[in-house]
Amino acid sequence: MSPHMTGRRLFAILFVFAATSLAWFTLGISLVERSGSSSERLDPEVSRLWGGPQAQQAPTVHWLETVVETESVVETAPDGQPRTRSRQQERQLRHPLPLASSQIDVELALEHRRKGLLWYDLYTVEFDGSYTVQLPADAARTIEVRFAFPSADAMYDGFEVRLGERAAEPVGELGDGVTLRLDAAAGEIVPIDIRYRSRGLDRWSYELTAAGVAQVQRFRLTATTDAAGIDFPAGGLSPTAKSPAGNGWRLDWRFDSLVTGKQIAIDLPNRLNPGPLAARITFFAPVSLLFFITVLVILGMVERRNLHPMHYFFLAAAFFAFHLLLAYLVDHLDIHAAFAVSAAVSLALVLSYLRLVAGNRFAFRRAGLAQLVYLVLFNYAFFFEGFTGLTVTVGAVITLFVLMQLTARVDWAELLGRPAATDGA
């Protein structure tokens with residue numbers, strides 16, 4: 001090791017840093033492509049197997065009116081002359097009938113499943129909806145209730161729809177949902193009960209209307225989850241009450257009279273996806289190495305134990321080994337275990353090498369501590385979403401303070417291998 005740090009050595013160290021950064025960029029692109037190709041291939045498979053995101057619409061109710069219309073039809077008589085005759089035709093009109101009340105209970109049970117480099121937020125849902133409609137008081141009517149399935153890819157176990165105490169047979173095909181008809185007396189209040197068990201992906205939502213703005217009366221929806229880290233997507237209705245329930249939450253939406261075009265939505269908690277997380281850590285790697293090299297260069301100059309650029313080449317390779325191992329271990333191990341193994345290997349490479357190059361004191365108390373902070377702690381901050389930037393900022397400020405204190409009285413001209421200027425220079 002040389003007591004001086006020359007310009008050539010600094011340039012060579014910068015070249016090592018740039019070359020390693022290019023290698024990290026290539027590795028990061030590879031991880032992004034692997035994660036993207038996995039997502040494109042696996043997302044449709046998971047949706048077909050388990051079902052996609054479910055958006056349950058409120059049932060729509062109409063009362064039916066049959067009208068007779070008379071129309072003129074022009075026909076050609078046997079003698080070839082045009083002849084006009086009247087023809088009557090029945091036409092059925094549908095008049096919307098608002099729901100008088102809605103009482104809905106939903107239970108969501110989360111189950112994370114991993115496919116390749118990605119975790120999927122799967123859930124089972126038990127839906128129990130009780131509604132009422134009130135017919136006009138002037139005459140008996142035939143009502144038509146339509147209930148749309150929340151997802152065409154899902155399956156529905158224990159599906160049951162009842163109108164009052166009478167079971168009504170579905171009308172038409174089930175591809176667009178269930179349509180039921182029932183004759184009801186004037187002013188009658190008809191209960192509608194809907195129950196099923198199903199499975200979905202990522203998020204569950206309840207739409208008060210298929211489009212536009214809806215008015216709901218005496219509305220209550222209670223959702224119980226077994227997971228704590230739920231979220232509510234932007235643009236949705238926030239719960240009016242929220243309380244802990246076991247490992248999850250009990251969420252209530254209660255409205256006496258509400259006019260809105262928004263929906264109720266619950267986003268189930270995500271697990272850290274190994275592929276995208278490893279890619280973000282890899283793209284951040286040059287920042288970790290820059291801090292590490294800066295600390296070693298300055299400490300080396302202060303203690304007159306400057307490392308050769310080839311030493312920095314091997315140290316950069318040991319840093320790269322961490323990200324290379326992490327990129328491929330996440331295919332086979334839990335992300336935390338993969339991170340721990342990769343960090344242990346990289347630390348062992350650096351410490352065992354610098355112990356021979358500069359001795360135990362420099363290896364363990366200088367380089368080892370710096371690597372623990374800038375490689376391990378900085379990168380582990382990615383596991384805590386939203387705290388990565390703060391962690392790096394605090395680390396940078398502390399590093400700046402320490403280096404400023406250590407070098408405040410340093411003669412940089414002498415350390416950089418140039419003679420100090422005289423008073424008359």
Side-chain angles (χ1 to χ4, degrees), residues 31-58 104-129 147-157 159 177 196-211 221-239 242 245-253 261-280 330 334-335 382-386:
L31 277 167
V32 170
E33 291 181 352
R34 286 169 58 200
S35 300
S37 61
S38 296
S39 177
E40 292 176 359
R41 185 182 76 257
L42 295 174
D43 285 359
E45 295 181 8
V46 174
S47 294
R48 287 194 297 268
L49 177 66
W50 194 269
Q54 292 203 358
Q56 178 62 70
Q57 291 182 11
I104 305 146
D105 292 296
V106 177
E107 293 186 10
L108 298 171
L110 177 65
E111 179 180 349
H112 287 115
R113 290 195 180 183
R114 179 174 170 174
K115 293 285 188 179
L117 294 175
L118 302 173
W119 281 99
Y120 289 89
D121 312 325
L122 311 177
Y123 63 84
T124 57
V125 54
E126 293 193 15
F127 182 90
D128 187 348
F147 178 81
F149 293 113
S151 173
D153 296 328
M155 62 180 184
Y156 302 91
D157 182 33
F159 182 78
Y196 64 80
R197 292 184 300 275
S198 185
R199 303 186 300 188
L201 173 69
D202 286 339
R203 60 182 286 179
W204 183 88
S205 58
Y206 185 85
E207 299 177 351
L208 301 174
T209 179
L221 187 149
T222 299
T224 305
T225 72
D226 64 350
I230 59 173
D231 196 7
F232 306 103
L237 290 171
S238 299
K242 179 180 177 182
N247 295 326
W249 293 95
R250 174 189 168 96
L251 311 168
D252 288 287
W253 287 263
K262 295 183 177 182
Q263 63 178 358
I264 294 170
I266 301 174
D267 191 2
L268 278 301
N270 304 315
R271 285 195 63 170
L272 285 173
N273 280 315
L277 178 64
R280 292 197 299 271
V330 291
D334 175 77
I335 183 62
F382 280 90
F383 286 86
F384 306 97
E385 189 174 353

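Just so we're clear, the structure is a prediction, and the values are computed from it rather than from any experiment.
- Atoms OG1 and CG, from T222 and D252 in turn, are 4.0 Å apart once rounded to the nearest 0.5 Å.
- Of the inter-residue distances, the one linking E107 atom CD with F127 atom CZ reads 12.5 Å to the nearest 0.5 angstrom.
- At least one donor-acceptor pair closer than 3.5 Å links the side chain of D226 to the backbone N or O of L110.
- The line from CD of E207 to CD1 of I264 is 11.0 Å long, rounded to the nearest 0.5 Å.
- Across all their heavy atoms, W253 and A223 have their closest contact at CZ3-CB, 4.1 Å.
- Shortest non-hydrogen contact noted between A227 and P269 is CB-CG, 3.7 Å.
- Expressed to the nearest 0.5 Å, how far CG of L221 lies from CG of L251 amounts to 9.0 Å.
- Side-chain contact between R197 and T124 is absent, with no heavy-atom pair separated by less than 4.5 Å.
- Annotation: side chain of L237 is in contact with side chain of L208 (closest heavy-atom distance under 4.5 Å).
- Among residues two or more places apart in sequence or in another chain, the side-chain contact (heavy atoms from CB on, under 4.5 Å) test is passed with S198 by Q54, V125, A154, Y156, Y196.
- A distance of 4.5 Å separates CZ of F383 from CD1 of I335, quoted to the nearest 0.5 Å.
- The backbone N or O of A148 sits less than 3.5 Å from a side-chain atom of Q56, completing a donor-acceptor pair.
- How far CZ of F232 is from CG of D267: 10.0 Å, rounded to the nearest 0.5 Å.
- Between W249 and the choices T224, L108, I266, T225, the side-chain contact (heavy atoms from CB on, under 4.5 Å) rule is met once, by T225.
- S151 and G52 make their closest contact through OG-N, 4.0 Å (heavy atoms, listed as atom of the first residue, atom of the second, distance).
- Atom CG of D157 is surrounded by more than 12 heavy atoms from other residues, nucleotides or ligands within 6.0 Å.
- Looking at W204, its side chain never comes within 3.5 Å of a backbone N or O of A55 through a donor-acceptor pair.
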